[in-house]
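Encoded as structure tokens, the structure appears first; notes follow it.
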Amino acid sequence: MKILIHLIAILLSLSVVAQTTPDYSKLSAHPRLILKDGDIEAVRHKIVTDQPLRHIHCVIEDRANGFIYAPASRRIKTGKRLLGVSRNVLERVCYCSYMYLVTGEDIYARRAEQEMLAAASFTDWNPSHFLDVAGIAGGVALTYDWLYKELKKDVRELVETRLREFPLEMSRVNERRYTWFYTADHNWNQVCNSGLICAAAAIYETCPELAKEVIEDAIRTNIRAMDVMYAPDGAYPEGPGYWGYGTNYQVLMNTVLESAMGTDFGISRSPGFLKTGYFKLAARSGSGKSFNFADNGENETSNLAMWYFAAKTQADSPIVDKWNEYMKDPEILRHELEMMKFPAYAETRVHLPVAIRHAMEVDTSTMTGEGHLFYSAQGPVPMMMCRTGWDKDDHYLAVKGGTAKYNHGHMDCGSFVYDAYGERWAMDFRFQPYTSLENPLREIGGRLFDMSQNSLRWRIFRMNCRQHNTLTVNDKDHKVSGLVKMTATENTPDRMSATFNMTPLFWGDLENAVRTVAICDGNHLEVKDVMKAPDDRSAHVRWTMATEAVPEITSEGIVLVKNGKRMLLKAEGADVTYNIWTTDPKAYESPVSHLDFANPGTYLCGYEIDIPASTEYTISITLFKN
């Protein structure tokens, strides 16, 4: 079956590549990117009657008004990145130029122009970290297009020059340190190609041959990332936070192609892509927390790409057909509409005008279904996420396999999070910013994104297997190339579960290691590990679970207390030794412990056991209300 799925993915990819001869005659009058003249008039009318659309518009308006008298951005790097400046430029120019399109008020056009000229005055857009280039290019290109008729000739020519020099010509440089993203199969590919598509489509007339090369390379190479990041079931291997980053840019790219050239050249039909909104929906618990595996944060934010998927997968959309019936569930905007009720929605960045474009096509009044309670996905990082309901007191479980040797990966294969009764009981440690680690690691000979087995990355507290909700055997790190496959799932009224073969992680120190994680009877967690030691030696196993609940070892097991609520963690199947470990990084022997952030209010609890040679143990941990 896996081979068949892979072959189908390859065939679909080839069909997309075969469609990459664009009709450049469609690149006609400005504005032509995302919002054309007819779209703008429709927005003006619909924001009066459509409450969600009006809310998005008002968020843009408030943000744009806040930018009016703010100083223009300056080129100030943070470490190797210009990413913060890039995002600021993109947000400011897009919000202000959108407001000019809709209101016609000159003050917005002048502020967008000021910010665009500030970016044009930079010496470069930091091509050694091409994400920065892509962000600025996308914002400047959209603003150039939307304000084209209002810009003086000398301003247009300067912006055209910068869009040609900084993104387009730099993408032609034969230096891998600049253009390696073309061969990437992760978010860099999506973000960088998106910015290049925006720039090339915006100034096509000024450099048609160069623009053609860039557009066709972007469409062709983008498929490499699409086939890995979404196939076959829509799960994003880098996690829900990076889903928001990569997928928002992917949606920007697709939308620009559709609006400017009438087609996205089949990119949206890449295997799993139209299912990926349901990955994002499933990754948020009823308490509002994310399945924050790998380099992801715990707190969920709005994700504007969801409006794209809502538009593309509603039942009357021409793109919905028999192979993706699953997507006709109208609840894909459940969390997005909920988040509109809170001020945090105003903190959403950069792509709100893209959301406006797709929100125009969505009828939110039909979104009344219960939604899917169970989601599972194969792929580079197979995972399962399930819930007993959508309220904060309902039970929520998410568990993953995969490999640590993946972009943004941790040694967290087999790890899980679990929410119940309004609390997160099994957690993942919060994200630590890269800027606190990159340069200090480099000074002692390491690289943060070195995924090799002996990398100093794995000495970082929150990236090591000992600090995740998984197994550690004979006190060894997980094998980073070990691939943990999801071998079975179950979805019945009494049991929602996923089973993973964890054997490849343990260097032969366990002959067999199979983990099944489940919500049982709708009211408790079960983690069952079947572990067999090899014939020639015993195995020492450490089972850990990170939590913010205060643990106490009792005669029954480990009692967990959080906000006055109590749970009992209990092992059955063998005589284990319960333990509680500190989460102070400085208590562990590590050459980088001085770089680790502290973890106040957190604990590690679980058990240890020695499994004799040639012996198999089946140990089940249950976590239930006490």
Side-chain angles (χ1 to χ4, degrees), residues 22 27 31-36 39 56 60 83 86-95 97-98 101 125 130-146 163 167-168 171 181 186-204 214-215 217-219 221-223 225-226 229-230 236 242-268 270 273-274 276-277 280 301-312 336 348-361:
L27 292 172
R32 61 192 179 210
L33 306 185
I34 302 177
L35 295 170
K36 301 180 181 181
D39 300 319
I56 299 172
I60 298 175
L83 204 52
S86 172
R87 288 169 176 164
N88 283 338
V89 170
L90 175 55
E91 183 180 26
R92 292 173 180 186
V93 294
C94 284
Y95 284 23
S97 55
Y98 161 83
L101 285 182
W125 293 344
F130 214 91
L131 296 178
D132 307 338
V133 178
I136 298 176
V140 170
L142 292 176
T143 301
Y144 166 89
D145 177 61
W146 292 349
L163 286 172
L168 302 189
S171 75
F181 61 84
H186 49 70
N187 72 73
W188 274 71
N189 181 309
Q190 300 175 287
V191 176
C192 296
N193 274 325
S194 176
L196 288 169
I197 284 285
C198 290
I203 65 166
Y204 170 77
V214 170
I215 290 170
D217 277 355
I219 295 169
T221 62
N222 181 237
I223 295 303
M226 295 293 286
M229 300 306 283
Y230 303 103
Y236 201 77
Y242 280 93
W243 181 97
Y245 185 44
T247 306
N248 274 321
Y249 272 95
Q250 188 65 56
V251 164
L252 172 62
M253 176 174 168
N254 294 2
T255 306
V256 166
L257 287 172
E258 288 173 354
S259 60
M261 309 190 79
T263 175
D264 67 11
F265 303 96
I267 293 172
S268 62
S270 298
F273 184 61
L274 291 180
T276 196
K280 192 67 181 77
T301 60
S302 56
N303 281 275
L304 304 173
M306 297 299 275
W307 291 97
Y308 172 91
F309 294 108
K312 294 296 183 186
E336 203 69 18
T348 299
R349 301 176 69 86
V350 303
H351 292 121
L352 276 169
V354 185
I356 284 275
R357 175 68 184 82
H358 297 292
M360 291 283 295
E361 304 168 5

Original post:
Do you know the tightest heavy-atom contact between Pro353 and Tyr98?
Top reply: CG-CB, 4.1 Å
**OP:** First locate atom CG of Leu35, then atom CE of Met360, and finally report the distance between them rounded to the nearest 0.5 Å.
**Re:** 8.5 Å
Original post:
With a 4.5 Å heavy-atom cut-off, do Ser270 and Ile223 have their side chains touching?
Top reply: yes
**OP:** Please tell me if the side chains of Leu196 and Asp217 come closer than 4.5 Å, counting only heavy atoms from C-beta onward.
**Re:** no
**OP:** Identify the two heavy atoms, one from Ile215 and one from Ala200, that lie closest to each other, and give their separation to 0.1 Å.
**Re:** CG1-CB, 3.6 Å
Original post:
Atom CG of Asn222 and atom CD1 of Ile197: how far apart are they, to the nearest 0.5 Å?
Top reply: 8.0 Å
Original post:
Are Asn187 and Tyr249 side-chain neighbours, meaning at least one heavy-atom pair lies under 4.5 Å?
Top reply: no
**OP:** Supply the atom-to-atom distance Thr247 OG1 to Leu304 CG, rounded to the nearest 0.5 angstrom.
**Re:** 12.0 Å
Subject >> Check ion pair Glu258-Lys312 (N to O, under 4.0 angstrom) >> reply: yes
Original post:
Closest approach of Ser259 and Val256, non-hydrogen atoms and distance?
Top reply: OG-O, 3.1 Å
**OP:** Could you tell me how the ring of Phe273 sits relative to the ring of Phe309: parallel (under 30°), tilted (30 to 60°) or perpendicular (over 60°)?
**Re:** perpendicular
Subject >> Exercise: identify the closest heavy-atom pair between Glu361 and Arg357 >> reply: OE2-NH1, 2.7 Å
Original post:
How far apart are the C-alpha atoms of Leu131 and Tyr245, what are their side-chain angles, what is the distance that settles it, and do they pass the side-chain contact (heavy atoms from CB on, under 4.5 Å) test?
Top reply: CA-CA 11 Å; Leu131 296 178; Tyr245 185 44; 3.6 Å; yes
Subject >> side-chain hydrogen bond (donor to acceptor under 3.5 Å, both in side chains), paired with Trp243, selected from Asn248, Thr276, Asn303 >> reply: Thr276
**OP:** May I ask you to decide if the ring planes of Tyr308 and His358 are parallel, tilted or perpendicular, using 30° and 60° as cut-offs?
**Re:** perpendicular
**OP:** Taking all non-hydrogen atoms of both residues into account, name the closest pair between Ser171 and Val214 and its distance.
**Re:** OG-CG2, 3.7 Å
Original post:
Roughly how far, to the nearest 0.5 Å, is the OG1 atom of Thr143 from the CG atom of Leu101?
Top reply: 9.0 Å
Original post:
Which value, rounded to the nearest 0.5 Å, describes the distance between Leu83 atom CG and Asn88 atom CG?
Top reply: 10.0 Å
Subject >> SG-CD1 distance between Cys198 and Ile34, expressed to the nearest 0.5 angstrom >> reply: 6.5 Å
Original post:
Are any of the side-chain heavy atoms of Tyr144 and Leu33 separated by less than 4.5 Å?
Top reply: no
**OP:** Measure the shortest side-chain to side-chain distance between Ile267 and Gln250 over non-hydrogen atoms and say whether it is less than 4.5 angstrom.
**Re:** yes
**OP:** Any chance you could lay out the side-chain hydrogen bond (donor to acceptor under 3.5 Å, both in side chains) test for Asn193 and Thr221, step after step, and finish with the verdict?
**Re:** CA-CA 8 Å; Asn193 274 325; Thr221 62; 3.2 Å; yes
Subject >> Distance-minimising heavy-atom pair for Ser268 and Leu274 >> reply: O-CG, 3.5 Å
Original post:
Should Ile60 and Tyr95 be marked as a side-chain contact (heavy atoms from CB on, under 4.5 Å) after you check the CA-CA gap, both sets of side-chain angles, and the distance that decides it?
Top reply: CA-CA 6 Å; Ile60 298 175; Tyr95 284 23; 4.0 Å; yes
